[in-house]
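Single-structure report; data block below.
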Amino acid sequence: MDFFETIMFPFKWLVSIIMVGFHEGLSFIGLPEASGWTWTLSIIGLVLVIRAALIPVFVKQIKAQRGMQLLQPDLKKLQDKYKGKTDQLSRQAMAQEQMAMYKKHGTNPFSACLPMLIQMPFFFALFQVLSGITAARNQGKTMGAMSHEQVVQFDDSSIFGAPLSATLLHGTPPGGNVVAVWTLSIVMILAMTASQFITQKQIMAKNMSEEAMASPFMRQQKMMLYILPLVFGIGGINFPIGVLIYWTTTNLWTMGQQFFVIRRMPTPGSPAAKALAERRAAKGLPAIPLLGAKKADDEAATAVVAETKVQRTQPQRKNRKKK
Amino acid sequence: MHDVSTAVVPSVGMPKIIGGFLWDLPRNILILLLKTYRKVVSPLYGQVCRFFPSCSAYALEAVTVHGAVKGSWLAATRLAKCHPWNSGGVDHVPAGHRRWPEGKTPTIVVLNNPDLFLAAQTDEEGRSAA
């Protein structure tokens, strides 16, 4: 276990220093130091930091997915080649050829393992910090970058009477309101499930081209629609309130991010793209190249990239003219 | 999950068997962990990997073929490559020194090298037909 502790230590330290940083800042501007709400806002601050750091990864992935349009003919050829071959080895061979094709075109629709894997120790560290706080308090210890005073303060703090370190299944520390813990946990599980559903539905209903809707990738997406709420439910009754706050916030961020993408940079050929073109036409604005990721925000900075973006969207525009 | 013991243990003497078991223990533990990860955690995310074979499949094959130490090292290097600024593609596990008896090749090795084994399969069919 010691080996594990050593690995987790830097993550715990980083997670707690960000939270402490937010806590200090919030106290400085006049929020009550010992309030559970100040600590809740610190957790939300942690989410904002992590998700903001991941924005470049997200934008990169969107661009890559848009680049896929150009691969459609090649992809079709590959699918025809393996038509009717359903044995596992042929499927694998097809997957291999498909990856080789992405490499050849220099565009890959998948988000890569590293960014996903990097989030895991952070989530786990947060889990350890929040669930270990009562023990650290009783043993007079510090927790990551948190001083013992802050540990005690955090352990005593609660929102709506629910301590941040309480869990639905594993109990509420003395002085905490059990009903509040149950209610808050369930509300947050529902909020996570709802935001997950809305995000997925939005993508499927508005932001997918017809080809993408018919792909096997979609089947997987639909399965997630039912698996994830289960994960939220099981996690939700086992994890401390503080972790649930983190989890819910990150889910809401995903939903907000998706809304933004659908409205401002929809997938070419999707209903959302049509809606955007109509909105711009109604305002008398010229149509923008759809791939132009952060168009209004930093035009100057992306001026060089803009050229290639325009080129990339060219074939798409022809498509739309036909319709 | 039952074919963990694909290790080639020479069948001579008790000490050698125990020695072989202990020698292969770290590798087999890793194999078990990786298989569990692929069964339980991977489906939650769908495909995210930019490579063929995917990082977890690569890790499983690397540990199976090269053992715990070199296999883990190979897996870690691959994982470090799987970031959004790498265009991915086909990246096979380098060949190792372990040999498997006829028809006992670990499933993951077969699945990760479909072109190789598909060719062998059609070869086989051709021969049995002739």
Side-chain angles (χ1 to χ4, degrees), chain A residues 54-65 67 82 85 87-120 200 215-232 234-235, chain B residues 26 29 33-34 37-61 72 75-93 105-125:
Chain A
L54 284 170
I55 286 180
V57 174
F58 179 69
V59 169
K60 177 92 184 127
Q61 192 194 349
I62 287 192
K63 285 186 182 167
Q65 279 170 353
Y82 285 95
K85 290 189 182 167
D87 62 291
Q88 207 179 7
L89 214 48
S90 300
R91 290 282 111 191
Q92 288 288 100
M94 181 175 162
Q96 178 172 340
E97 275 194 60
Q98 203 169 331
M99 278 302 175
M101 193 178 81
Y102 293 148
K103 170 87 182 173
K104 200 181 95 196
H105 288 265
T107 180
N108 201 314
F110 300 111
S111 58
C113 303
L114 205 56
M116 184 205 78
L117 223 62
I118 279 180
Q119 289 176 74
M120 285 186 182
Q200 285 285 8
S215 71
F217 174 69
M218 270 312 291
R219 242 173 296 138
Q220 213 169 29
Q221 288 293 302
K222 277 182 191 151
M223 236 174 68
M224 302 280 281
L225 211 50
Y226 301 99
I227 296 175
L228 276 174
L230 215 73
V231 176
F232 294 146
I234 295 169
Chain B
I29 290 174
L33 284 175
L34 282 165
Y37 175 86
R38 282 166 60 74
K39 269 256 150 46
V40 180
V41 184
S42 282
L44 284 180
Y45 289 96
Q47 178 163 9
V48 292
C49 190
R50 299 166 84 86
F51 286 97
F52 181 92
S54 74
C55 287
S56 65
Y58 184 98
L60 183 54
E61 188 191 342
S72 301
T77 12
R78 153 60 96 79
L79 207 54
K81 280 194 278 183
C82 196
H83 56 73
W85 287 268
N86 184 323
S87 54
V90 178
D91 171 32
H92 288 295
V93 177
T105 316
T107 321
I108 190 67
V109 178
V110 177
L111 288 180
N112 283 357
N113 301 280
D115 37 3
L116 230 74
F117 287 90
L118 266 181
Q121 219 174 52
T122 40
D123 223 38
E124 198 95 318
E125 277 163 19

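Here is how names work: the chains are called A, B, and so on, in the same order as the sequence lines, proteins then strands, and each is numbered from 1.
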Atom of [X], atom of [Y] and distance for their closest heavy-atom approach:
{"X": "A:F110", "Y": "B:V48", "result": "CB-O, 3.1 Å"}
{"X": "B:L79", "Y": "A:C113", "result": "CD1-CB, 3.9 Å"}
{"X": "A:A112", "Y": "B:C82", "result": "CB-O, 3.1 Å"}
{"X": "B:S87", "Y": "A:N108", "result": "O-ND2, 3.1 Å"}

What part of A:I118 lies closer than 4.5 angstrom to a heavy atom of chain B: side chain, backbone, both or neither?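 For A:I118, there is no contact with chain B at all, as no heavy atom is under 4.5 Å.
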Applying a criterion of heavy atom separation less than 4.5 Å, what residues of residues 52-60 of chain B form contacts with chain A?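 So the qualifying residues are B:F52, B:C55.
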Return the OG1 to CG distance between B:T107 and A:L89, rounded to the nearest 0.5 Å. 11.0 Å
Main chain of B:L111, side chain of A:Q92: is a donor-acceptor contact present, judged purely on distance under 3.5 Å?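 Yes, A:Q92 side chain to B:L111 backbone: donor-acceptor pair under 3.5 Å.
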So, do B:P84 and A:P115 sit near enough that their side-chain heavy atoms are less than 4.5 Å apart?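 Of all side-chain heavy-atom pairs linking A:P115 with B:P84, at least one is under 4.5 Å.
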Go through A:Q96, A:M101, A:Q98, A:E97 and name the one with the most non-hydrogen pairs under 4.5 angstrom from chain B. A:Q96
Tell me every residue that passes ring-ring contact (aromatic ring centres under 6.0 Å, His included) with B:F51, counting only those two or more places apart in sequence or in another chain. none
At a heavy-atom distance under 4.5 Å, which candidate from B:N112, B:V110, B:V90 has the highest pair count against chain A?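 Of the options given, most contacts go to B:V90.
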